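Predicted model only: the values in this text are computed from it and were never measured. Residue indices begin at 1 and follow the sequence shown.
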Amino acid sequence: MPDRAEWLETLPLLTESQRHELRSVFRRALIESPMPTALTDLQGTLLGANEQFAQLLGLHEAELAGRPMFQYVHEDDRASIQAAVSRLRHGGEEVIRNEARFVRADGRLVWIRGHAALVDGPAGDGTSYMVGIVQDITSEKYAQQQARTLIEIGTGIAAGDPIEETAGRLAELAMARWMEVGVTLTLADPARRVLTPVQHRLMPTGLYEAFGEIPIAPTGPSCGVAAWSNEPVAMANMFTDPRTVSLRAMLAEFGIAASWSQPLRDPEGHVIGTLGLYHSRPSEPTDEDWQTLSDVAGVAAIAILTHNRRRANREERQRLRTDSRTGLPNELALLDVVDTTVASGDPVSIVVVALRGPAAVRNEKHLRDRTLSTMAERIRQLAGIVAVGVSGLGSLIVVARGEWSTHEVELLQRVLARALILDEMSILPQVSIGAASTDGDLTLSAADLLAQAKGVVPPQQGVAVALPRLGERIEPELTADVSRALQQGEFVVHYQPQVDLTNGELLGSEALVRWQHPTRGLLPPAAFLPAVEAIGAGSELAFAVARMVSAEES
């Protein structure tokens, strides 16, 4: 066997007898061991290592001599290793067994399972050394970590986790295999030929903003080149790679020296994004590195596909809940807002604002839509407003916290009556407003509340507030007045025009009954119908309305 311990001859501060002793121990414990083996003094300084141990760390045997073993141990595992060595050195244990991560020269992490014991020197002078024999368990450990992470990602995707959470978990997985590594997950916009990085919790501060949108092109970051070529791309040294000339100042700022990227595809083979790693030191990927990226590329692609589908669904829901003319929420969206507010236990009011004039606004679509949008913006500035949206062609719906009275409604009318300047025209909006509130009854549905508010909107300029629903909180004084009102003709009919929205033609009118009360003024149906029904006068009122309509027609 050739003598592979020549480095001992040049080890400083050793006597000839010490060199002889170490050479003897080294041959027995290191060179002849089929396992990665190292010899240290009692302070953990490496005195020698066999070829297998050196290869484990990506170094030559001679490079290890005289260096502290602990400098190769991952900082998170260093304290536990030092504690175990201390126990061995002081006789607490005869053999120590542990698992730890070592950092290779190229930045990759190596998991080892090691056994170490004290060895007495052959000179019999009481000198002792530590001999450690290790086993590479990186594949086993990383496979466990990978399986665990991919299960977490899959479970998270199914539970609705945002794609930012998936990117963060992928970064954690990369950090289990490489030191000083980062992960980039990007989303492709094929129409605009750009990639958008996914910002996540482990991304260095400022990096997301620095990259912005990445062109899909033959030059630039590796992710853009990978998406352009539809092939994996490695840039082992980005400071010498001709494709990254314009990026070097930014790369230096963030300490990025190498990057590898793999395109992610949908089932039809179209690029939907990329998955990549970037390193703080020049680094050429191995076949095993590419296999690692490939192993997780599938779940990364699923995350992007799910993200894209959910985004499309959100956009479609938003489209169905948005008025296309003004961009404001429609009735469907506002009803959900009301139901959510009521479910939280908060009182809520719905206010319907009908635009009555001027005629130029009502009849000219462009002006009408801009007027509604401007009025909505004014309303949003008021305290207690939850949401403002559009109903039909010429009305706004306001959702407000609390129970609005005539005072709040009149204040809203004054706010909306101020002049608007549109297309260099000064417009004085004319509105009629109806409001309804939960009034302490949180069992009301949003649809019921909206129907009440619509039901009390005056046909001309003015305001009205709905009283409680049919069958609830009937006022005795009002009940006593119903019979007199029927006899004296206090119930009157107003007419609401019915228009064909396709051509603007007048189809007819809807008769709306109101009570012209001598002391309370004009009352909407919601205010008096409970009293009418309470005394069984519903049929009599219906006949009275029919007589008034017939008289008008004749």
Side-chain angles (χ1 to χ4, degrees), residues 58 74-75 103-109 163-164 166-190 192-264 271-294 296-297 300-301 303-304:
H74 191 286
E75 59 182 7
V103 183
R104 285 174 50 91
D106 57 11
R108 290 172 175 82
L109 296 180
I163 196 167
E164 293 80 3
T166 297
R169 286 194 170 111
L170 289 173
E172 290 174 347
L173 183 59
M175 290 175 179
R177 188 166 182 83
W178 293 278
M179 285 289 291
E180 300 174 4
V181 67
V183 164
T184 54
L185 181 65
T186 68
L187 308 176
D189 184 343
R192 298 173 55 234
R193 301 292 294 169
V194 296
L195 299 171
T196 302
V198 176
Q199 192 171 15
H200 57 82
R201 62 182 182 275
L202 297 176
M203 183 175 284
T205 303
L207 184 60
Y208 174 80
E209 292 77 11
F211 270 103
E213 291 184 335
I214 300 169
I216 298 175
T219 61
S222 63
C223 51
V225 179
W228 174 79
S229 65
N230 202 2
E231 296 288 343
V233 170
M235 296 179 175
N237 189 336
M238 300 183 78
F239 293 104
T240 60
D241 195 306
R243 295 170 291 185
T244 62
V245 173
S246 62
L247 301 174
R248 288 176 187 170
M250 184 182 68
L251 296 172
E253 178 184 353
F254 290 98
I256 299 174
S259 67
W260 322 326
S261 295
Q262 176 156 324
L264 304 175
V271 175
I272 56 175
T274 65
L275 176 64
L277 301 175
Y278 56 88
H279 305 265
S280 63
R281 66 188 81 189
S283 186
E284 186 75 44
T286 64
D287 290 344
E288 188 178 9
D289 292 331
W290 282 126
Q291 185 60 51
T292 299
L293 268 178
S294 179
V296 299
I304 292 178

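Although no hydrogens or angles enter the test, the distance criterion places a donor-acceptor pair under 3.5 Å between the side chain of Ser261 and the main chain of Cys223.
Side-chain contact check for Arg108 versus Thr286: some heavy-atom pair is nearer than 4.5 Å. The shortest side-chain heavy-atom distance between Arg177 and Glu288 falls under the 4.5 Å cut-off. Counting heavy atoms from C-beta on, the side chains of Ile163 and Leu187 come closer than 4.5 Å. In this structure, Leu170 and His200 have side chains that are not in contact, with every pair of non-hydrogen atoms separated by 4.5 Å or more.
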Side chain to side chain contact (heavy atoms under 4.5 Å, CB included) between Ser222 and Tyr278, worked out: CA-CA 9 Å; Ser222 63; Tyr278 56 88; over 6 Å; no
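To the nearest 0.5 angstrom, Leu251 atom CG is 9.5 Å from Met235 atom CE. Atoms CG and CZ, from Leu185 and Arg169 in turn, are 13.5 Å apart once rounded to the nearest 0.5 Å. Within the model, atoms CD1 of Ile256 and CZ of Phe239 stand 8.5 Å from one another, a figure rounded to the nearest 0.5 Å. Between atom OG1 of residue Thr186 and atom CD1 of residue Ile272 there is a gap of 10.0 Å, rounded to the nearest 0.5 Å. Rounded to the nearest 0.5 Å, atoms OG (Ser294) and CD (Gln262) are 5.0 Å apart. Atoms CG and CG, on Leu277 and Leu293 in that order, are 4.5 Å from each other to the nearest 0.5 Å.
Nearest heavy-atom pair, Val233 versus Ser229, reported as atom, atom and distance to 0.1 Å: CG2-OG, 3.9 Å. The minimum heavy-atom distance linking Glu284 with Ala236 is given by the pair OE1-CB, 3.2 Å. The two residues Ala171 and Leu202 come nearest to each other via the heavy atoms CB-CD1, 3.7 Å. Trp290 approaches Ala234 most closely through the heavy-atom pair CZ2-CB, 3.7 Å. Closest of all the heavy-atom pairs between Thr274 and Pro263 is CG2-CA, 4.2 Å. The minimum heavy-atom distance between Pro197 and Ile214, with the atom names listed, is CG-CD1, 3.9 Å.
Contacts of Ala210 classified as side-chain contact (heavy atoms from CB on, under 4.5 Å), with partners at least two apart in sequence or in another chain: Met250, Phe254. In this structure Glu172 satisfies the side-chain hydrogen bond (donor to acceptor under 3.5 Å, both in side chains) test together with Arg201, sequence neighbours excluded.
Between Trp178 and His279, the angle of the ring planes goes over 60°, which puts this pair in the perpendicular group of the 30/60° scheme.
When only modelled atom types and interatomic distance are considered, Asp289 and Thr292 share no side-chain donor-acceptor pair under 3.5 Å.
Just one residue in the list Val183, Ile304, Thr184 forms a side chain to side chain contact (heavy atoms under 4.5 Å, CB included) with Leu275, and that residue is Val183.
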